[in-house]
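All values below come from the heavy atoms of this structure, side chains included, with hydrogens, waters and symmetry mates left out. A, B, ... follow the sequence lines: proteins, then strands. Residue 1 opens every chain.
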Amino acid sequence: MELRFDPENPRYEYIVQEDQLHTALEFLEKEKVVAVDVEATSLDPITGYLIIIQIATPHISYIFDVRKIDVSDNERFKKFLENKKIIKILHNGKFDYKYIKAKTGIELDNIFDTMLTEAVLNSGVGKAYYSLKDLVKKYTGIELKKEVRGTFERVTAKTKLDESQLKYAAVDTLIMFPVFEAQLEQLRNNGLINIGKLEFAVTRVVGNMEMAGIYINKEKWSSIIKNLGEKRDIYAKQFQEAIKPYFVASSIDLFGNHTDLINMNSQVQLMDLFNNRLKLNIPSTGDAILAGTDHPVAKILRDYRAYEKLVSAFGDSLLQKINPKTGRIHPEFNQLGTATGRFSCNNPNLQQIPRNSEEVQFRTCFNPRPGYKLVVADYSNFEMRILAEFSKDAKMISALNSGLDIHSYTASLMFGKEYTDDFKKKYPDLRQIAKPIGFGLMYGMGPVGLAGRLELETNRKFTKEEGEDYMNRYFSSYPGVRAYLDKVAKEAVRNGWSITPAGRKRWYHKPERDDPEFRRKQAQIEREAKNHPIQGTNADAIKYALVFIQERIKKDKVDGEITLTVHDEIVTEVREDQAQDWAEVQSEEMVRAAKLFIKNVQIRSDPFVGDEWEH
DNA sequence: AGAGGTGGTG
DNA sequence: CATGCACCACCTCT
């Protein structure tokens with residue numbers, strides 16, 4: 001790889017005045033591809049300060065000091081960064097996009113993201129995050145020095161930037177060209193250009209979504225947690241009381257206070273209790289095992305666990321993530337956080353907030369700001385519809401297109417009963433069996449797993465033979481499904497990858513023939529590959545939908561923003577008077593996105609307008 | 001610091 | 001022989 005600059009002595013121009021800015025733009029406007037980076041005082045664009053924006057050609061980096069020039073006021077600068085024709089190479093451009101938008105109002109456009117590209121090129125076999133350092137090493141062999149980066153944290157409005165800082169800032173942009181060129185070639189070779197474009201478009205939407213955040217009612221949340229904590233404590237006390245007989249002496253500390261006999265959160269101590277003292281011989285302390293254990297202590301532990309889980313995972317830690325400046329939660333969405341193309345979410349993970357039940361209503365604490373509404377829309381039975389489309393199974397397609405209750409219909413085929421509108425009421429037990437089978441088989445589940453799953457769902461024993469029988473009944477009902485899943489699994493094992501119609505690939509580490517775990521590893525690939533095109537297409541569709549929805553918000557001048565996405569669901573926060581009309585648009589755009597890949601099966605998305613998340 | 005167990009979501 | 005896809009948070013223990 002030949003470099004067009006000297007990493008020890010990069011060419012750069014430090015721009016601190018208006019006239020310099022125009023001269024620099026004069027040169028930059030001639031380029032088709034530039035590299036962009038920013039340096040700021042912290043990782044949080046809401047509370048941090050932007051210091052410089054670097055824009056480079058392959059030969060020279062222009063370093064705009066935004067402390068000295070007010071670029072938010074500069075039409076020409078804005079036009080350049082928002083120009084849809086000029087490609088801007090960035091590494092983790094979401095970060096730069098957010099900073100630039102927050103501090104200058106400029107919305108960076110036409111991003112090529114080297115971090116996302118690497119993730120797309122290595123999905124299934126690579127890392128969740130690639131640093132620029134990783135990529136520079138991989139594609140150029142150069143060891144990028146990152147020590148200078150930390151010095152920007154201490155920069156204020158008056159700090160004079162030194163030469164090492166300016167050189168560092170310049171290298172960070174110049175070095176992106178060779179990475180970009182190598183990656184672009186790789187994207188082409190793997191047919192991943194369109195997925196790359198999709199991810200680059202999505203990253204701006206995600207930037208907006210993270211900046212928007214979502215409001216949470218602190219007081220309500222705290223009171224739910226407090227209540228759950230009290231209930232947990234009652235079970236904790238009961239538990240310690242109930243196990244006393246199994247210990248020789250009760251524990252009393254130096255001050256005469258009773259202390260706990262065991263730590264209820266310790267798996268080791270629980271195993272000792274259950275197996276050595278209670279002689280129950282259980283293999284683990286998981287809920288499924290405890291449920292089948294006829295002992296009062298097990299029952300108390302299960303109750304304790306239910307509350308402890310909610311308090312520990314969703315308790316005060318979540319409130320500490322409220323941003324002091326906005327008063328809202330700004331979760332981080334990693335758009336390539338999974339091997340299938342789905343988003344992952346953290347800090348906090350709002351994708352795993354428990355659904356509302358009679359007892360616990362966490363999601364009701366997420367509300368719109370005054371004068372606004374939450375618009376919530378999800379795809380209904382999406383993965384089932386995707387499976388129907390891909391498998392071309394005539395019966396499954398026609399059932400979904402006729403609006404039948406799909407699990408009832410499946411049960412009617414499996415057990416030879418007539419389908420009626422009240423099937424769900426007439427044969428609840430049959431439907432209860434059909435439903436988990438549909439999901440399980442999409443994940444490559446086998447007869448034993450299926451029997452176990454049915455046991456959980458129905459509280460009665462299922463043998464391996466029954467599991468096998470049900471699988472056969474399901475596959476005979478939908479012969480196209482079996483053929484499709486088998487084909488996908490076989491192709492993945494042969495190719496070493498699987499693919500969605502949108503072109504998203506997932507790679508697999510093929511085991512060596514003489515690997516002692518060959519069979520296990522190959523079976524794993526088969527299961528993962530059966531699921532990938534389905535889950536991945538769900539992800540592809542939701543990502544197109546996010547882009548479409550963002551475009552409509554802008555085009556229709558809707559006063560609102562996207563605040564959350566949870567796999568098959570999108571939540572927006574929209575001004576009250578626009579919310580009803582907008583809800584229809586949001587669902588339409590979701591359906592339009594899904595129809596890019598689903599041609600023969602109807603797609604449904606029903607929107608809800610309200611003051612609480614979930615409906 | 002990292003692994004393993006447990007359990008919340010789609 | 002093992003036996004369901006994709007995650008993240010919290011806890012304990014080494």
Task: Among C:dC11, C:dC8, C:dT12, the nucleotide that comes nearest once only the side chain of A:Glu308 is considered - done: C:dC11
Task: Rounded distance in Å - CD (A:Glu455) to P (C:dG4) - done: 13 Å
- [ ] For A:Arg363, report the nucleic acid contact type (base, sugar-phosphate, nothing); a contact means any heavy atom under 4.0 Å.
- [x] sugar-phosphate
TODO: Please check the phosphate of C:dC13 (OP1 and OP2 only) for any side-chain N or O of A:Ser266 closer than 4.0 Å.
DONE: yes
Task: Between P of C:dC5 and OH of A:Tyr508, the distance in whole Å - done: 11 Å
- [ ] Please state whether the phosphate of C:dC8, meaning OP1 or OP2, lies under 4.0 angstrom from any side-chain nitrogen or oxygen of A:Ser344.
- [x] yes
TODO: Please measure how far the P atom in C:dT3 lies from the corresponding atom in B:dG4, and state the result in whole Å.
DONE: 14 Å
- [ ] Using the closest heavy atom to pick a nucleotide of DNA chain C for each, name whichever of A:Gln352 or A:Gln267 lands nearer the 5' end.
- [x] A:Gln352
TODO: With a 4.0 Å heavy-atom cut-off, tell me which residues in residues 517-531 of chain A come close to DNA chain C, sorted by residue number.
DONE: A:Arg527, A:Glu528, A:Asn531
Task: Atom-pair distance (CG on A:Leu336; C1' on C:dA6), nearest Å - done: 14 Å
TODO: Determine the minimum heavy-atom distance between A:Arg232 and A:Val311, stating which atoms define it.
DONE: NH1-CG1, 3.6 Å
Open item on the list: Ignoring hydrogens and geometry beyond distance, is a side-chain donor-acceptor pair present between A:Asn265 and A:Tyr304 at under 3.5 Å?
Closed with: yes
Open item on the list: Could you tell me if A:Arg277 sits above the aromatic ring of A:Phe247, with its cationic atom closer than 6.0 Å to the ring centre and no more than 45 degrees from the axis?
Closed with: yes
Task: Side-chain donor-acceptor contact under 3.5 Å, A:Thr410 with A:Tyr478 - done: yes
Open item on the list: Whether the A:Thr458 and A:Gln432 side chains hold a donor-acceptor pair (N or O, under 3.5 Å, no angle test) is what I'd like checked.
Closed with: no
Task: Polar contact flag, side-chain donor to acceptor under 3.5 angstrom, A:Thr500-A:Asp540 - done: yes
Open item on the list: Can you identify which nucleotide, out of C:dC10, C:dG4, C:dC8, has its nearest atom closest to the A:Arg453 side chain?
Closed with: C:dG4
Task: A:Phe343 CZ - C:dC8 P separation (whole Å) - done: 13 Å
TODO: Over all heavy atoms of both residues, which pair between A:Met414 and A:Ile437 is shortest? Give the atoms and the distance, please.
DONE: CE-CD1, 3.6 Å
TODO: Mind telling me whether A:Phe390 and A:Tyr484 have parallel, tilted or perpendicular rings, with 30° and 60° as the class edges?
DONE: tilted
Task: N/O donor-acceptor pair under 3.5 Å between A:Asn347 side chain and A:Pro331 backbone - done: no
- [ ] Check whether the side chains of A:Gln522 and A:Arg519 place a donor and an acceptor atom closer than 3.5 Å, and report yes or no.
- [x] no
Task: Aromatic plane relationship, A:Phe333 with A:Phe343 - under 30° parallel, 30 to 60° tilted, over 60° perpendicular - done: perpendicular
Task: Spacing of A:Asn347 atom CG relative to C:dC7 atom C1', expressed in whole Å - done: 15 Å
Open item on the list: So A:Asn263, base contact, sugar-phosphate only, or nothing? Heavy-atom distance under 4.0 Å.
Closed with: sugar-phosphate
TODO: Please list, in 5' to 3' order, the outermost nucleotides of DNA chain B lying under 4.0 Å from any heavy atom of chain A.
DONE: B:dG5 to B:dG10
Open item on the list: Rounded to whole Å, please give me the gap between CD in A:Glu332 and P in C:dC8.
Closed with: 10 Å
Open item on the list: With the threshold set at under 4.0 Å for non-hydrogen atoms, list the residues of residues 435-448 of chain A touching DNA chain C in residue-number order.
Closed with: A:Phe439, A:Gly440, A:Tyr443, A:Met445, A:Gly446, A:Val448
- [ ] Could you tell me the separation between the CD1 atom of A:Ile353 and the C1' atom of C:dC7, rounded to a whole number of Å?
- [x] 14 Å
Task: Gap between atoms CD and P, on A:Glu383 and C:dG4 respectively (whole Å) - done: 18 Å
Task: Pair A:Phe439 + A:His407: ring centers closer than 6.0 Å - done: yes
